Amino acid sequence: RVGAFACCIGRYVYVCGGLSGGRVLNSVERFDTETNQWDFVAPMRTARSLAAGALIDGRIYVAGGRGPGSRCLRGVEYYTPSTDAWAAAAPMPEPTDTAAAGVVGGRLVLTGGFSPELSDEGFVYDPARNVWTKSGVTMRKPSSSLGGAGFNGCLVVSGGYDADDGVSQEMRAWDVEGDRWLPMPPLLSKRACHGCVSMMGYELPLLRAMEADVEIKRLRDAKQHAQRYRLPEPAALRAASADPEGATPGAPGGAELDGA
C-alpha cells in the first residue's frame, strides 16, 4: 500500500488505509515488534489514502484524505485500541488531502494540502471539545504533499509541492498559539510526499550528527573530484587529512573520509 498513515502505540505499529492496485483501502494492519508479526485490526469506517493523522491520548486520529474516485474527504475518525473500534469525530471545515499534520498541545494541527485546489490554510482540531477552528494566518504559498511534525509549540512544515516552484525545499514553522509563521533554514534537497518525526529531547544531537554527515560527504566529494581531475586538494581536505585519527572534527564516531 501507498499513501497510508502510520503511527506507534507501545509495542505496536499501526498502518491505516492507503492505496493498493488502484483500490482505496479502509483496512488497518498492526505490527507487533515483540513477536515480529502482522495482523489486522478493525477497519476504518471510510476508505481513504493521503490522509492527515496523529496519535493523541492513546487514540489514532485520521482526518480527510482521498477516497474512491479521487474525491477529497472531510470526514474524521479515531481508533481506540482497548475496544478495537473506530468512531466518528467532527468533520473538517473543508475536504483536504496531502496536508502537513502534527500534534501541538494535545491538538491535531494541519495545514496546506489539496482541497480540491492547492491550499494555504490551517486548521486545529481539539479532541476534548470535538471542535475545529481555522487559523487566522496562511502559509506563504498554497502547497500540498508536505512533511509535518509538531515541535515546541509549532507545526514544522517541510518541502511539498507548490504551483510556482514545483517541488520545494522550504522549511517553515506555524506558531500555533501566536498564530504566526516563522522562517526556518531550507532543506538540503527538494522533496515532497515525505515523512517527518519529532524527536523531543534529541533535536540538538540529531542536528549535529546530520551536519557532520553533510560535511563528511562534502569533503569526500571534494577529494574524489580532486583525484579524478588531478587537482590540488582543497585546504579543508588537507586539514582533515592531517588529523591523526583521519576524521572530520566533530564527526560522530570519528567517521573516515576515505572510501566512496
Side-chain angles (χ1 to χ4, degrees), residues 2-6 16-19 24 46 48-54 61-77 89-105 107-126 131-198:
V2 298
F5 169 72
C16 309
L19 191 70
V24 184
T46 302
R48 66 183 82 215
S49 66
L50 306 174
Y61 286 81
V62 181
R66 189 174 301 175
S70 298
R71 180 172 54 93
C72 286
L73 303 175
R74 290 182 61 211
V76 181
E77 53 188 303
M92 299 174 61
E94 298 177 5
T96 304
D97 64 37
T98 61
V103 179
V104 178
R107 296 167 295 173
L108 171 59
V109 179
L110 61 87
T111 189
F114 199 76
S115 181
E117 298 179 347
L118 290 174
S119 174
D120 58 4
E121 296 183 325
F123 300 95
V124 179
Y125 173 71
D126 184 346
V131 171
W132 286 89
T133 55
K134 184 176 179 178
S135 170
V137 295
T138 59
M139 289 194 297
R140 189 174 67 86
K141 291 183 179 180
S143 304
S144 67
S145 305
L146 305 142
F151 180 78
N152 197 27
C154 295
L155 176 65
V156 179
V157 178
S158 62
Y161 174 86
D162 67 69
D164 294 332
D165 302 325
V167 179
S168 171
Q169 65 189 97
E170 186 175 331
M171 286 273 291
R172 52 274 199 205
W174 174 16
D175 175 2
V176 178
E177 291 300 327
D179 211 18
R180 57 178 179 164
W181 282 92
L182 306 172
M184 295 187 69
L187 293 164
L188 298 175
S189 305
K190 295 182 177 181
R191 64 186 68 214
C193 304
H194 55 288
C196 294
V197 295
S198 176

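Because the structure is a prediction, the values reported are computed rather than measured.
Nearest heavy-atom pair across Val62 and Ala51 is CG1-CB, 3.6 Å. Heavy-atom minimum distance, His194 versus Ser158: NE2-OG, 2.8 Å. Of all the heavy atoms in Ala99 and Thr111, the pair that sits closest is CB-O, 3.4 Å. Of all heavy-atom pairs between Ala63 and Val76, the closest is CB-CG2, 3.8 Å. Between Val103 and Ala54 the shortest heavy-atom distance is CG2-CB, 3.4 Å.
With sequence neighbours excluded, the residues satisfying side-chain contact (heavy atoms from CB on, under 4.5 Å) with Asp179 are Ser135, Val137, Trp174. Ala6 is linked by a side-chain contact (heavy atoms from CB on, under 4.5 Å) to Val15, counting only residues two or more places apart in sequence or in another chain.
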Donor-acceptor pairs under 3.5 Å, side chain of residues 114-123 to any protein atom, not counting sequence neighbours: which ones?
| from | atom 1 | to | atom 2 | distance (Å) |
| --- | --- | --- | --- | --- |
| Ser115 | OG | Pro95 | O | 2.4 |
| Ser119 | OG | Glu121 | N | 3.2 |
| Glu121 | OE2 | Lys134 | NZ | 2.7 |

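Interatomic distance, CD of Glu170 versus NZ of Lys141, reported as 7.0 Å (0.5 Å rounding). Rounding to the nearest 0.5 Å gives a distance of 11.5 Å between CG of Leu155 and CZ of Arg107. Between the CE atom of Met171 and the CG atom of Leu188 there is a distance of 10.0 Å, given to the nearest 0.5 Å. Put simply, CG on Leu50 and CG on Leu19 are 7.5 Å apart, with the number rounded to the nearest 0.5 Å. Arg48 contributes atom CZ, which lies 13.5 Å from atom CZ of Arg66 (distance to the nearest 0.5 angstrom). Rounded to the nearest 0.5 angstrom, Arg191 CZ and Ser145 OG are separated by 14.0 Å.
Inter-residue side-chain proximity for Arg172 and Leu146 is flagged as met; some heavy-atom pair is nearer than 4.5 Å. At least one side-chain heavy atom of Thr46 sits less than 4.5 Å from a side-chain heavy atom of Glu77. Side-chain contact check for Trp132 versus Leu110: some heavy-atom pair is nearer than 4.5 Å. Side chains of Met184 and Leu182 form no contact here, defined as non-hydrogen atoms less than 4.5 Å apart.
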Q: Would you sort out whether Asp162 and Met139 count as a side chain to side chain contact (heavy atoms under 4.5 Å, CB included), showing the intermediate values?
A: CA-CA 11 Å; Asp162 67 69; Met139 289 194 297; over 6 Å; no

